[in-house]
Amino acid sequence: MRFVTIVGARPQFIKAAPLSAELRKRHEEYLVHTGQHYDDNMSDVFFRELNIPSPDRHLGVGSGSHAAQTAAMLERIERVLLDVKPDAAIIYGDTNSTLAGALAAAKLHVPVAHVEAGLRSFDRRMPEEINRVVADHLSTWLFAPSQVSVRQLAAEGVTEGVHEVGDIMADGVRLFAPLARERSEALARLGLNPGEYFAATVHRAANTDDAERLTGILQGLSAASRPVVLPLHPRTRAAIERHGLTSLTENTSGSLRIIEPLGYLDMLQLQQNAAAVLTDSGGIQKEAYYLGVPCITLRDETEWIETVEAGWNRLVGAEDRKILLAIDESPAVGGRPHPVLYGDGHAAERIAGHFGNT
Ligand code: UD1
């Protein structure tokens, strides 16, 4: 079969790496990068480290409002699909690149395969929730990471083409965490000792657009008992400046240490040696779990509810007091929890297997 794979944002490069490798054993893949993320440390570094083939087409869409960004992608993806005439389009996760890929393909009657289908936060104010719902309802193949996601699809009447395959990000951790241990020099470079710091990420619109929430998070992270290392997403950097909060990030007497965004191997190494991870990212909640590191989630809800039920993730929101309390109570670093949620790290083989050998 001939596939067009559409990626554009950082987590999609990580998800596409294992499946691209599997697909290319038997099929033809044409890789399209929308250009949603474009800085070297948000994009190119992942292609280099994860051995992802260079994109066949780079659409250079860049930043913009949701409508402007999605519209530019739609127009350019449609042209690629008309040129390449694939048998199927593959989309990942819940970004604007996912939405544009699903819409452009479905309208041209190109069947869509959605990897990471069926996730819901049940909060339609999140752009990601809108992207997920639309992508799922337009897809022919829905590769779901868990039983909960299969049930959520069924509750919306989507039962055909749904396959529970496990989480493809577990493939990434299985393949790359050992390499990170071997190759990453992040801890030495940052002067950190294993188990003596916290790793943090913040980039969700709900946290960055709301000055009160962003203030609460930055104050909480600045008052922790150990260093908190925060590789700063460009969206968050811009929001800190916009809300006039730079005094909170430039205060060197607090525990907060802001650094540039990291590549995947350095990020895995930072996480796997942290006392706990604080994040509003979906992917990092799971990565922390796979790496056996407790997670404190800076949101009021999560799509990955199983990690909370298993006791490895706590939802604390954005208030400094609650963040600090959770840090104080975070359990010591343990082994990888059992039973393992979201499959065994072989989702890519299962997904590729659905497409046979032709
Ligand atoms: C997107 C996804 C989110 C995903 C996240 C991972 C949507 C709606 N959201 O959010 O689901 O978890 O990616 O990071 O698609 N920017 C740069 N350099 C870059 C990339 C972005 O400076 O390389 C800046 C741009 O100015 C942009 C802002 O960051 O305005 C936000 O980027 P955007 O593409 O809107 O998405 P993310 O916030 O990264």
Side-chain angles (χ1 to χ4, degrees), residues 6-16 32-48 55 58-74 76-77 91-104 114-117 119-121 123-136 167-169 172 200-210 213-214 217 230-243 258 260-264 267 277 279-288 297-299 301-304:
I6 298 150
V7 292
R10 184 166 62 175
Q12 294 170 327
F13 312 138
I14 297 166
K15 290 168 198 167
V32 177
H33 187 324
T34 63
Q36 176 169 352
H37 285 176
Y38 43 85
D39 291 344
D40 182 80
N41 58 17
M42 297 288 291
S43 172
D44 298 2
V45 64
F46 296 91
F47 284 80
R48 290 195 297 273
H58 198 296
L59 306 182
V61 164
S63 314
S65 69
H66 283 282
Q69 191 180 51
T70 311
M73 289 179 192
L74 268 174
R76 294 174 206 187
I77 294 170
I91 54 169
Y92 292 89
D94 58 17
T95 74
N96 289 341
S97 300
T98 317
L99 173 68
L103 269 175
H114 186 201
V115 179
E116 210 177 71
L119 295 189
R120 297 291 181 269
S121 63
D123 176 3
R124 291 263 171 119
R125 291 179 50 84
M126 287 176 67
E128 291 86 352
E129 183 78 351
I130 296 168
N131 295 345
R132 288 179 200 125
V133 170
V134 176
D136 282 340
D167 174 27
I168 195 136
M169 284 191 84
T201 76
V202 183
H203 79 274
R204 287 276 162 198
N207 285 335
T208 58
D209 291 355
D210 182 329
R213 288 184 73 92
L214 190 55
I217 290 172
L230 174 64
L232 200 58
H233 190 291
R235 166 198 279 279
T236 316
R237 186 176 291 281
I240 288 170
E241 277 164 29
R242 198 170 61 247
H243 299 312
I258 291 192
E260 288 297 313
L262 293 172
Y264 188 50
M267 193 61 206
V277 168
T279 191
D280 61 4
S281 148
I284 289 180
Q285 293 172 52
K286 288 175 292 164
E287 277 175 0
T297 294
L298 308 167
R299 289 175 52 191
E301 77 294 296
T302 179
E303 301 79 26
W304 304 99

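Values reported hereafter were calculated over all heavy atoms of this structure, with side chains retained and with hydrogens, waters and symmetry mates removed. A quick note: this is a predicted structure, and the numbers were derived from the prediction, not measured. When a ligand or atom number is given, it counts from 1 through the structure's own listing order.
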Those atoms of ligand 1 less than 4.0 Å from some heavy atom in Pro11 = 6 (C)
remark   = Taking only non-hydrogen atoms of Met42 and a 4.0 Å limit, the atoms of ligand 1 in range are 19 (C), 23 (O)
query = When only distance counts, is His233 in polar contact with ligand 1, meaning an N/O pair under 3.5 Å?
reply = yes
NZ/NE/NH1/NH2 to OD/OE distance under 4.0 Å, Asp39 and Arg10 = no
inquiry  = I need the nearest protein heavy-atom contact for atom 2 (C) of ligand 1: residue, atom name and distance, please.
reply    = Thr95 CG2, 3.7 Å
query = For ligand 1, which atoms, with element, lie under 4.0 Å from some heavy atom of Gln69?
reply = 34 (O)
task = Could you check atom 8 (C) of ligand 1 against the protein and tell me its nearest heavy-atom contact, residue, atom and distance included?
result = Asn96 OD1, 3.4 Å
message = So if I count the atoms of ligand 1 from 1 in the order they appear, which ones are less than 4.0 Å from some heavy atom of Gln36?
response = 1 (C), 7 (C), 15 (O), 33 (P), 34 (O), 36 (O)
message = Measuring from atom OH of Tyr92 to atom OG of Ser97, what distance do you get when rounded to the nearest 0.5 angstrom?
response = 13.0 Å
message = I need the nearest protein heavy-atom contact for atom 25 (C) of ligand 1: residue, atom name and distance, please.
response = Ser63 OG, 3.1 Å
query = Are the side chain of Thr297 and the backbone of Arg299 linked by a donor-acceptor contact shorter than 3.5 Å?
reply = no
request  = State the CD-CG distance between Glu129 and Asp123, to the nearest 0.5 angstrom.
outcome  = 7.0 Å
inquiry  = Just to verify, what does His58 make a ring pair (Phe, Tyr, Trp, His ring centres under 6.0 Å) with, not counting sequence neighbours?
reply    = His33
remark   = Restricting to heavy atoms, the pick from Arg235, Gln12, His203 nearest atom 5 (C) of ligand 1 would be His203
request  = Side-chain contact test, heavy atoms from C-beta onward, threshold under 4.5 Å: evaluate it for Thr70 versus Asn131 and give yes or no.
outcome  = no
message = Quick check on contacts: which atoms of ligand 1 are under 4.0 angstrom from a heavy atom of Asp94?
response = 11 (O)
request  = Using a strict 4.0 Å threshold on nitrogen-to-oxygen distance, state whether Lys286 and Glu303 make a salt bridge.
outcome  = no
query = Using 4.0 Å as the upper bound for N to carboxylate O, is an ion pair formed by Asp136 and Arg120?
reply = yes
request  = Give the residue and atom name of whichever protein heavy atom lies nearest to atom 32 (O) of ligand 1, and the separation in Å to one decimal.
outcome  = His37 NE2, 4.3 Å
task = Please identify which atoms of ligand 1 are closer than 4.0 Å to at least one heavy atom of His66.
result = 8 (C)
inquiry  = Taking 4.0 angstrom as the limit and counting only heavy atoms of Asp39, give me the atoms of ligand 1 inside it, by number and element.
reply    = 17 (C), 18 (N), 19 (C), 22 (O), 23 (O)
query = Any N/O of Glu128 closer than 3.5 Å to an N/O of ligand 1?
reply = yes
note = Applying ring pair (Phe, Tyr, Trp, His ring centres under 6.0 Å) to Phe46 and not counting sequence neighbours gives none
